[in-house]
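None of these values were measured; they are calculated from a predicted model.
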Amino acid sequence: MPIIVNLDVMMARRKMSLNELAAKVDLTLANLSVLKNNHAKAVRFSTLEAICKALNCQPGDILEFLPEEGEGHG
């Protein structure tokens, strides 16, 4: 998948546990874990906003685009 979720990196930088973040953004631990482990198929903007507020970061600090090998720019 070309979109990589670097949530674990930002959590480590902010010294915040998954349990603490889940409580701050009002998500279940299971749903946040799915996102953190790059298994999510989608993320709501409201969820992304809440995560960015809790971690004091930008969406680009959490989400990264990595083109798959062989993909060109057009």
Side-chain angles (χ1 to χ4, degrees):
M1 180 184 297
I3 300 292
I4 305 299
V5 180
N6 293 313
L7 186 56
D8 52 346
V9 174
M10 283 309 299
M11 288 170 50
R13 287 183 184 164
R14 301 297 190 251
K15 295 177 174 58
M16 190 176 296
S17 71
L18 196 62
N19 286 326
E20 187 179 352
L21 183 59
K24 286 186 177 209
V25 299
D26 197 30
L27 276 179
T28 65
L29 196 55
N31 284 340
L32 195 55
S33 194
V34 166
L35 183 60
K36 183 178 85 75
N37 293 317
N38 277 309
H39 296 296
K41 299 290 183 206
V43 61
R44 292 178 186 211
F45 281 150
S46 58
T47 300
L48 186 58
E49 179 183 350
I51 290 170
C52 288
K53 282 182 182 178
L55 293 174
N56 190 28
C57 67
Q58 294 294 315
D61 296 328
I62 298 171
L63 302 175
E64 179 181 1
F65 174 70
L66 287 178
E68 293 179 0
E69 216 167 292
E71 280 188 2
H73 289 289

* Asked: Please, which pairs that meet side chain to side chain donor-acceptor pair (under 3.5 Å) have at least one residue in residues 47-57, sequence neighbours excluded?
  -> Glu49-Lys53

* Leu18: partners by side chain to side chain contact (heavy atoms under 4.5 Å, CB included), with sequence neighbours left out -> Met11, Leu29, Leu32, Ser33, Lys36

* **Hydrophobic cluster identity match, Val43 and Leu27, side-chain contacts under 4.5 Å** => yes

* side-chain hydrogen bond (donor to acceptor under 3.5 Å, both in side chains) partners of Lys24, counting only residues at least two apart -> none

* **Sequence-distant partners of Asn31, side-chain hydrogen bond (donor to acceptor under 3.5 Å, both in side chains), two or more places apart** => Thr28

* Structure fact -> By side-chain hydrogen bond (donor to acceptor under 3.5 Å, both in side chains), Asp61 pairs with (sequence neighbours left out) none

* If every non-hydrogen atom of Pro59 is compared with every non-hydrogen atom of Cys52, which pair is closest and at what distance? -> N-SG, 3.5 Å

* Is it possible for you to say whether Met16 and Val25 belong to one hydrophobic cluster, with membership spreading through side-chain heavy-atom contacts below 4.5 Å? => yes

* Can you name the residues that form a side-chain hydrogen bond (donor to acceptor under 3.5 Å, both in side chains) with Glu20, not counting sequence neighbours? -> none

* Side-chain contact test, heavy atoms from C-beta onward, threshold under 4.5 Å: evaluate it for Leu63 versus Leu48 and give yes or no. => yes

* Roughly how far, to the nearest 0.5 Å, is the CG atom of Leu35 from the CD1 atom of Ile62? -> 8.0 Å

* Give every residue pair that meets the side chain to side chain donor-acceptor pair (under 3.5 Å) criterion with at least one member in residues 3-15, sequence neighbours excluded. => Asn6-Glu64

* To do: Kindly write out the residues that satisfy side chain to side chain contact (heavy atoms under 4.5 Å, CB included) with Asp26, not counting sequence neighbours, or none if the list is empty.
  => none

